[in-house]
Amino acid sequence: MKQVLLSLLIALVINLSAYHIATAQPGKFNQFYMFLARAKVAPQWTVTSLVQYRSYDVDITDSRLFLVNTYADYKLKNAPVQFGAGYMYLEISPYDETGTEKKTIPEHRVFQQVTIGHKLSERLELSQRYRFEERFLFSDRFILRARHLLSANYKLGNLESGKWTLIGKNEIRMNLDKETAFDSFRLWGGAGYKITKTFEVESYWMSQFESGGIFNFGVISLRKSFDFTRKNKN
């Protein structure tokens with residue numbers, strides 16, 4: 001319990017520090033919370049479910065976005081490549097031009113993805129995810145979007161017992177059915193702390209660059225993993 005509280009405290013300090021930096025930069029500071037559960041259900045199959053909530057500024061009740069997401073991945077036997085597909089439901093809550101009124105936009109999204117792993121050393125691992133999304137907003141608006149995410153994880157301390165990992169990410173998102181294809185570009189930087197072998201807390205600073213400006217996020221992410229194939233090995 002002490003380790004959990006310490007990890008959350010560290011994540012809170014990082015995000016509060018990020019908030020003070022963000023107030024001097026263009027764009028709003030936003031909160032970003034996520035819980036992700038990943039289960040290995042067969043030797044080559046994993047199922048991932050996550051819940052994500054974002055709020056404007058430091059007011060956690062001022063909802064910016066809520067989503068739930070589930071997808072399955074199939075890993076090739078002889079290559080660090082996974083093929084996946086899934087479904088996502090979102091409620092997006094943007095403000096109007098005056099900044100005083102909000103509306104809620106529901107969205108249904110299906111997606112397909114390919115993830116490729118690159119182990120550069122015992123400490124440094126990279127991964128690339130290519131995702132195609134079919135976005136259904138309202139009943140008559142459809143957007144086809146492509147995303148590329150590059151992630152880097154660097155393990156600190158002892159390779160066997162070390163608990164800290166440095167994490168960096170960048171992602172570009174493109175709308176494939178518009179003349180101006182650019183949607184947004186994201187930069188992430190932060191750290192992860194392994195509380196147990198199967199439970200980890202991560203905290204990031206994320207900046208999202210888009211046509212409307214720069215939006216900054218303080219991110220806290222909780223990750224839990226399960227392995228339902230272990231019983232079958234005994």
Side-chain angles (χ1 to χ4, degrees), residues 1-15 18 30-55 60 65-75 80 82 84-90 111 113-119 122-129 131 147 149-171 186-206 208 217-230:
M1 188 63 176
K2 290 182 179 179
Q3 291 179 323
V4 175
L5 294 175
L6 177 61
S7 303
L8 292 175
L9 179 61
I10 292 171
L12 180 61
V13 170
I14 293 174
N15 281 334
N30 306 268
Q31 298 285 350
F32 186 133
Y33 303 95
M34 184 175 75
F35 176 74
L36 180 148
R38 176 167 290 137
K40 186 175 182 180
V41 296
Q44 292 166 257
W45 285 96
T46 59
V47 175
T48 303
S49 294
L50 65 89
V51 178
Q52 194 180 107
Y53 177 79
R54 305 177 201 173
S55 65
I60 194 173
L65 179 146
F66 171 79
L67 71 84
V68 291
N69 179 3
T70 298
Y71 58 91
D73 284 305
Y74 175 82
K75 186 180 183 303
Q82 297 182 89
Y87 167 78
M88 187 185 305
Y89 173 75
L90 306 91
F111 57 89
Q113 62 188 27
V114 179
T115 306
I116 306 171
H118 308 275
K119 188 171 183 178
E122 291 299 318
R123 293 188 182 276
L124 179 60
E125 294 183 358
L126 301 181
S127 69
Q128 296 187 78
R129 188 189 70 193
R131 177 181 284 184
R147 305 168 64 160
L149 174 67
L150 175 64
S151 303
N153 287 9
Y154 185 82
K155 297 178 182 178
L156 299 175
N158 185 281
L159 291 174
E160 296 296 327
S161 60
K163 296 181 179 294
W164 287 96
T165 302
L166 295 180
I167 303 169
K169 303 181 185 182
N170 69 61
E171 182 180 34
R186 290 173 165 178
L187 284 175
W188 310 63
Y193 180 79
K194 188 170 289 188
I195 298 171
T196 69
K197 290 183 178 180
T198 62
F199 185 55
E200 185 173 2
V201 59
E202 299 174 349
S203 185
Y204 306 95
W205 166 260
M206 191 265 278
Q208 179 168 304
F217 292 81
V219 184
I220 295 177
S221 173
L222 302 177
R223 295 174 177 266
K224 175 67 177 177
S225 61
F226 303 89
D227 188 350
F228 296 120
T229 66
R230 288 184 176 181

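In what follows, residues are counted from 1 in the order of the sequence shown. Computed from a prediction, not measured in an experiment: that's the story for all the values here.
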How many angstroms lie between CD in Q82 and NZ in K75, if you round to the nearest 0.5 Å?
-> 7.0 Å
Of all the heavy-atom pairs spanning M206 and V219, show the shortest one and how long it is.
-> CB-CG2, 4.2 Å
Pairwise distance OG1(T46) to OH(Y71) - rounded to 0.5 angstrom = 7.5 Å
Closest non-hydrogen atom pair, K155 against E122 = CD-O, 4.0 Å
Worked verdict on F66 versus V51 for side chain to side chain contact (heavy atoms under 4.5 Å, CB included) | CA-CA 8 Å; F66 171 79; V51 178; 3.7 Å; yes
Find the distance between CG (L156) and OH (Y193) and round it off to the nearest 0.5 Å.
-> 12.5 Å
Would you say the side-chain atoms of R38 and T48 include a donor-acceptor pair closer than 3.5 Å?
-> yes
To the nearest 0.5 Å, tell me how far T229 OG1 sits from Q44 CD.
-> 11.5 Å
Is there a donor-acceptor pair closer than 3.5 Å between any side-chain N or O of R131 and the backbone N or O of T115?
-> no
Side chain to side chain contact (heavy atoms under 4.5 Å, CB included) partners for F35, two or more places apart = A37, L222, K224
What one should report as the nearest heavy-atom pair of F111 and M88 is CE2-CE, 4.1 Å
Distance col, row Y204:OH vs R186:CZ, nearest 0.5 angstrom, shows 12.5 Å
Minimum heavy-atom separation for I167 to G192, with atom names?
-> CD1-N, 3.8 Å
When you check the side-chain N and O atoms of T198 and S225, is any donor under 3.5 Å from an acceptor?
-> no
Please walk me through it: do K169 and R129 pass side chain to side chain contact (heavy atoms under 4.5 Å, CB included)?
-> CA-CA 11 Å; K169 303 181 185 182; R129 188 189 70 193; over 6 Å; no
To the nearest 0.5 Å, atom CD of Q31 lies from atom CZ of F217 at 10.0 Å
Just do the side chain to side chain contact (heavy atoms under 4.5 Å, CB included) check on L90 and N69 with the steps written out, would you?
-> CA-CA 9 Å; L90 306 91; N69 179 3; over 6 Å; no
Heavy-atom closest pair (T70 atom, S49 atom, distance to 0.1 Å) is OG1-OG, 3.1 Å
Provide the closest heavy-atom pair for L126 versus A152 in the form atom of the first, atom of the second, distance.
-> CD2-CB, 3.3 Å
